[in-house]
Asks: 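The structure's right below; bear with me while I get my questions together.
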Amino acid sequence: MLLTDYAWPDDSVERAVIEGAGHTLVTGPAEPASAEAIEELVAEHRPAGILTCWAPVSATAIGASPDLRIVARLGVGLDNIAVDAATERGAWVTNVPDYCVEEVSDHAVGMVLAWTRGLAVFDREVRAGHWDPASARLRRLSALTCGVVGYGRIGRATVRKLGGFGCRILAHDPHPPKDAPGVEMVGLEELLRRSDVVILHVPLTPGTHHIVGAEQLALMKPGGLLVNVSRGGLVDTDAVTKALDSGHLDGAALDVLETEPHVPDELLDQPGALLTPHVAFSSDASVTELRRRAAEEVVRILAGEAPAHACNTPRGPSAGAGDR
């Protein structure tokens, strides 16, 4: 088995699961390597299973191991895996779709509260020697309308938590539920026009790339907040920076960026930008759960069992290898 990269101090959890089942684990660098470097690792070790966190697993990498049966994502999104290539190769692609629901929704709500109560701004001011309570221009959350784009597991959790503050809640989803207590399901444009706060909880796909750009930001109410705790590519960062600079957007709370880990200087210069380093998923409990469950999927497939969270239906010479 090949662990391409990991966003934690060691590989002990993955190793315990993989080697406890009688397999061998080879670990790549902690920091995600380039697609070419991962391709070389796969070609060298020819693994039956690949575990990947952030590192790109390309079609070339997938084709480099004749015995490959599974690519398991240590996370939810699949934008760093060539899923179609794995499908044609006959390999399963899996993820852990529900390990960080509470953490990501907590992070989103925390960012909203930081904005309504001025927490980050006033912390910076006080540390700089400015004690000026008269400058406060704060907001009552219960008087605002919050729009949640994406009504899946995390979106529903965010709606549930925001509901406790008494605000009006709108939501948009391409597959709206028949029953959504406490939330009004609307189209995306209507959500943007009516919301004081817009929160993104959608995966990054070709159809959602730059789902929020200059046109969408122009629809938002002046002085609003945009929150992105999903994937950086959902948002046109240049458009957000310009909206902040013009004052049309009062705040942008971003846990993810298209260019991460690089943060554009123009964004850093915006006092209305609240930035965290792609940590919304993280807690001691969620990370341990993620690592264990992703590794267990690999063991499950190699034991000839069906995956718990399949993201594809394999075809090709190895199809059905985990579904006997």
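Keep in mind that this is a model prediction, so the values were computed, not measured. In what follows, residues are counted from 1 in the order of the sequence shown.
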Asks: I need the Trp115 CH2 to Leu119 CG distance, nearest 0.5 Å.
Replies: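 That separation rounds to 12.5 Å.
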Asks: How close do Gly163 and Ile169 get, heavy atom to heavy atom, and via which atoms?
Replies: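 In this case the closest contact between Gly163 and Ile169 is N-CD1, 3.6 Å.
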Asks: Taking Asp173 first and then Arg156, would you say they form a salt bridge - that is, a charged N and a carboxylate O separated by under 4.0 Å?
Replies: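 Between Arg156 and Asp173 there is no salt bridge, as every charged N stays at least 4.0 Å from the carboxylate O atoms.
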Asks: Is the shortest side-chain heavy-atom distance between Leu200 and Val212 below 4.5 Å?
Replies: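 Yes. Closest side-chain heavy atoms under 4.5 Å.
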Asks: Report yes if some heavy atom in the side chain of His309 is under 4.5 Å from a heavy atom in the side chain of Val96; otherwise report no.
Replies: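 A side-chain contact is absent here, since even the closest heavy-atom pair is not under 4.5 Å.
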Asks: Just checking, any donor-acceptor pair under 3.5 angstrom between side chains of Trp54 and Glu260?
Replies: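 The answer is no; no qualifying pair exists.
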Asks: When Ile, Leu, Val, Met, Phe, Trp and Tyr are grouped by side-chain heavy atoms lying under 4.5 Å apart, directly or through other members, which residues fall in the same group as Val121?
Replies: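 Reading the cluster by chain and number, Val121 sits alone, since nothing else belongs.
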Asks: Examine distances only and state if a side-chain atom of Asn312 and a backbone atom of Ala91 form a donor-acceptor pair shorter than 3.5 Å.
Replies: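 At least one qualifying donor-acceptor pair exists.
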Asks: Give a yes or no answer on whether the side chain of His23 reaches the backbone of Val298 with a donor-acceptor pair at less than 3.5 Å.
Replies: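 It does not hold such a pair.
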Asks: Return the minimal non-hydrogen interatomic distance between Val112 and Leu225, and the atom names on each side.
Replies: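 Looks like CA-CD2, 4.0 Å.
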Asks: Evaluate the side-chain contact (heavy atoms from CB on, under 4.5 Å) criterion for residues Val26 and Met1: first the C-alpha distance (whole Å), next the side-chain angles of each, then the deciding distance (0.1 Å), finally the verdict.
Replies: CA-CA 6 Å; Val26 176; Met1 305 303 108; over 6 Å; no
Asks: Identify the residue among Val83, Val57, Val93 that makes a side chain to side chain contact (heavy atoms under 4.5 Å, CB included) with Ile62.
Replies: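 Per the side chain to side chain contact (heavy atoms under 4.5 Å, CB included) rule, the option paired with Ile62 is Val57, out of Val83, Val57, Val93.
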Asks: Report yes or no: do Leu170 and Leu217 belong to one cluster of Ile/Leu/Val/Met/Phe/Trp/Tyr joined by side chain heavy-atom distances under 4.5 Å?
Replies: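 Shared cluster, yes.
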Asks: Rounded to the nearest 0.5 Å, how far apart are CG of Leu191 and CD of Glu184?
Replies: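 Going from the CG atom of Leu191 to the CD atom of Glu184 covers 9.5 Å.
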Asks: If every non-hydrogen atom of His201 is compared with every non-hydrogen atom of Val104, which pair is closest and at what distance?
Replies: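 Shortest heavy-atom separation between His201 and Val104 comes out as CE1-CG1, 4.1 Å.
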Asks: Can you tell me if Glu125 has over 12 outside heavy atoms packed within less than 6.0 Å of its CD?
Replies: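 Yes, CD of Glu125 has more than 12 neighbouring heavy atoms, counting only those of other groups under 6.0 Å.
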Asks: With distance as the sole criterion, is a donor-acceptor pair present between the side chains of Ser283 and Glu103 under 3.5 Å?
Replies: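 Present: a donor and an acceptor within the cut-off.
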Asks: Taking C-beta and beyond as the side chain, do Arg194 and Glu190 meet within less than 4.5 Å on heavy atoms?
Replies: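 Yes, close enough: below the 4.5 Å cut-off.
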Asks: If every non-hydrogen atom of Glu289 is compared with every non-hydrogen atom of Arg293, which pair is closest and at what distance?
Replies: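 Of all heavy-atom pairs spanning Glu289 and Arg293, the closest is OE2-NH1, 2.7 Å.
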Asks: Quick check for you: to the nearest 0.5 Å, what is the distance between Arg291 atom CZ and Cys53 atom SG?
Replies: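 Result: 10.0 Å between the selected atoms.
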Asks: Please list every donor-acceptor pair under 3.5 Å in which a side-chain atom of residues 38-52 meets a protein atom from a residue at least two apart or in another chain.
Replies:
from: Glu39; atom 1: OE2; to: Ser58; atom 2: OG; distance (Å): 2.6
from: Thr52; atom 1: OG1; to: Thr4; atom 2: OG1; distance (Å): 2.9
from: Thr52; atom 1: OG1; to: Ala55; atom 2: O; distance (Å): 2.9

Asks: Out of curiosity, Arg139 CZ to Cys167 SG, how far, rounded to the nearest 0.5 Å?
Replies: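 SG of Cys167 is found 14.0 Å from CZ of Arg139.
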Asks: Following the transitive rule for hydrophobic clusters with a side-chain heavy-atom cut-off under 4.5 Å over Ile, Leu, Val, Met, Phe, Trp and Tyr, establish whether Leu78 and Leu204 coincide in one cluster.
Replies: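 Looking at the clustering, Leu204 is in a separate group from Leu78.
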Asks: Between Lys242 and Asp238, does the salt bridge (Lys or Arg N to Asp or Glu O under 4.0 Å) criterion hold? Intermediate values first, please.
Replies: CA-CA 6 Å; Lys242 290 175 182 176; Asp238 289 341; over 6 Å; no
Asks: Is there a side-chain contact (heavy atoms from CB on, under 4.5 Å) between Met185 and His172? Walk through the geometry before answering.
Replies: CA-CA 6 Å; Met185 303 298 299; His172 169 73; 5.9 Å; no
Asks: Could you check whether Arg69 makes a cation-pi contact with Trp92, meaning its NZ or CZ is under 6.0 Å from the centre of the six-membered ring and within 45° of the ring axis?
Replies: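 Ring-cation test returns no.
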Asks: Hey, are the side chains of Val279 and His107 touching, using non-hydrogen atoms and a 4.5 Å cut-off?
Replies: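 In short, these two side chains touch, coming nearer than 4.5 Å.
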Asks: Are Asp255 and Met111 close enough that some pair of their side-chain heavy atoms sits under 4.5 Å apart?
Replies: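 They are in side-chain contact.
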Asks: Do Val299 and Ile70 sit in one hydrophobic cluster, given that two such residues count as connected whenever their side-chain heavy atoms are within less than 4.5 Å of each other, even indirectly?
Replies: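 In one cluster: yes.
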Asks: Strictly distance-based, threshold 3.5 Å: is any side-chain N or O of Asn95 a donor or acceptor partner for the main-chain N or O of Val76?
Replies: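 At least one qualifying donor-acceptor pair exists.
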Asks: Would you call Leu267 and Leu254 a side-chain contact if the rule is heavy atoms closer than 4.5 Å?
Replies: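 The answer is yes; the side chains approach within 4.5 Å.
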Asks: Might you work through the side-chain contact (heavy atoms from CB on, under 4.5 Å) test for Thr313 and Thr87, ending with a clear yes or no?
Replies: CA-CA 6 Å; Thr313 302; Thr87 300; 5.7 Å; no
Asks: For Asp84, is there an ion pair with Arg315 - N to carboxylate O distance below 4.0 angstrom?
Replies: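 Salt bridge: no.
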Asks: So do the side chains of Phe122 and Leu138 get within less than 4.5 Å of each other, counting heavy atoms only?
Replies: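 With C-beta onward as the side chain, the pair touches.
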Asks: Nearest 0.5 angstrom please: Leu249 CG to Thr241 OG1, how far?
Replies: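 OG1 of Thr241 is found 10.0 Å from CG of Leu249.
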Asks: Do His130 and Arg124 pair up side chain to side chain, a donor and an acceptor below 3.5 Å, judged on atom types alone?
Replies: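 His130 vs Arg124: no donor-acceptor pair found between side chains.
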Asks: Are the side chain of Asp5 and the backbone N or O of Ala33 linked by a donor-acceptor pair below 3.5 Å?
Replies: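 Answer holds: no.
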Asks: Supply the atom-to-atom distance Arg193 CZ to Leu219 CG, rounded to the nearest 0.5 angstrom.
Replies: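 Interatomic distance, Arg193 CZ to Leu219 CG, rounded to 0.5 Å: 5.0 Å.
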Asks: Should Thr27 and Arg15 be marked as a side chain to side chain donor-acceptor pair (under 3.5 Å) after you check the CA-CA gap, both sets of side-chain angles, and the distance that decides it?
Replies: CA-CA 9 Å; Thr27 303; Arg15 188 168 297 278; 3.3 Å; yes
Asks: Okay, side chain of Thr288, backbone of Ala285: is any donor-acceptor separation there less than 3.5 Å?
Replies: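 Side chain of Thr288 to backbone of Ala285: no pair is present.
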Asks: Could you tell me whether the side chains of Asp67 and Ser65 share a donor-acceptor contact shorter than 3.5 Å?
Replies: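 Note: Asp67 and Ser65 side chains miss the donor-acceptor criterion.
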Asks: Quick one, His209 and Thr205 - any side-chain contact, counting heavy atoms below 4.5 Å?
Replies: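 No, too far: nothing below the 4.5 Å cut-off.
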Asks: Has Glu19 got more than 12 heavy atoms of other residues, nucleotides or ligands less than 6.0 Å from its CD?
Replies: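 Correct, the count exceeds 12.
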Asks: Can you name the closest pair of heavy atoms from Ala64 and Pro66 and give their distance?
Replies: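 Nearest heavy atoms, Ala64 then Pro66: O-CD, 3.7 Å.
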Asks: Is there a path from Val186 to Ile199 through hydrophobic residues (I, L, V, M, F, W, Y) whose side chains come within less than 4.5 Å of each other?
Replies: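 No, no single cluster joins them.
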Asks: Okay, side chain of Asp11, backbone of Glu14: is any donor-acceptor separation there less than 3.5 Å?
Replies: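 Not at all, since once roles are kept as given, no pair shorter than 3.5 Å links the two residues.
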Asks: Please table the atom pairs, donor to acceptor, closer than 3.5 Å between any side-chain atom in residues 140-151 and protein atoms at least two apart or in another chain.
Replies:
from: Thr145; atom 1: OG1; to: Arg168; atom 2: NH1; distance (Å): 3.0

Asks: Okay, side chain of Thr208, backbone of Pro203: is any donor-acceptor separation there less than 3.5 Å?
Replies: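 Yes: the side chain of Thr208 pairs with the backbone of Pro203.
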Asks: Check whether any side-chain N or O of Glu296 sits under 3.5 Å from a backbone N or O of Val17 as a donor-acceptor pair, and report yes or no.
Replies: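 Not confirmed, Glu296 side chain does not pair with Val17 backbone.
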Asks: Closest approach of Asp79 and Arg231, non-hydrogen atoms and distance?
Replies: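 Looks like OD1-NE, 3.0 Å.
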Asks: Would you confirm whether Ser195, through its side chain, and Leu192, through its main-chain N or O, come within 3.5 Å as a donor-acceptor pair?
Replies: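 Pair absent, no side-chain N/O of Ser195 close to backbone of Leu192.
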Asks: For Lys161, is there an ion pair with Glu102 - N to carboxylate O distance below 4.0 angstrom?
Replies: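 Result for this pair is yes, salt bridge flagged.
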Asks: Under 4.5 Å between side-chain heavy atoms, hopping through other hydrophobics if needed: is there a path connecting Leu244 to Leu226?
Replies: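 Cluster IDs for Leu244 and Leu226 match.
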Asks: Do His210 and Gln216 have a side chain donor and acceptor closer than 3.5 Å?
Replies: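 Gln216 and His210 do not have a side-chain donor-acceptor pair below 3.5 Å.
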Asks: Begin with the C-alpha distance, continue with both residues' side-chain angles, and end with the deciding distance and a verdict on side-chain contact (heavy atoms from CB on, under 4.5 Å) for Val287 and Phe281.
Replies: CA-CA 8 Å; Val287 170; Phe281 71 93; 4.0 Å; yes
Asks: Ignoring hydrogens and angles, tell me if any N or O in the side chain of Thr259 forms a donor-acceptor pair with the backbone of His262 under 3.5 Å.
Replies: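 At least one qualifying donor-acceptor pair exists.
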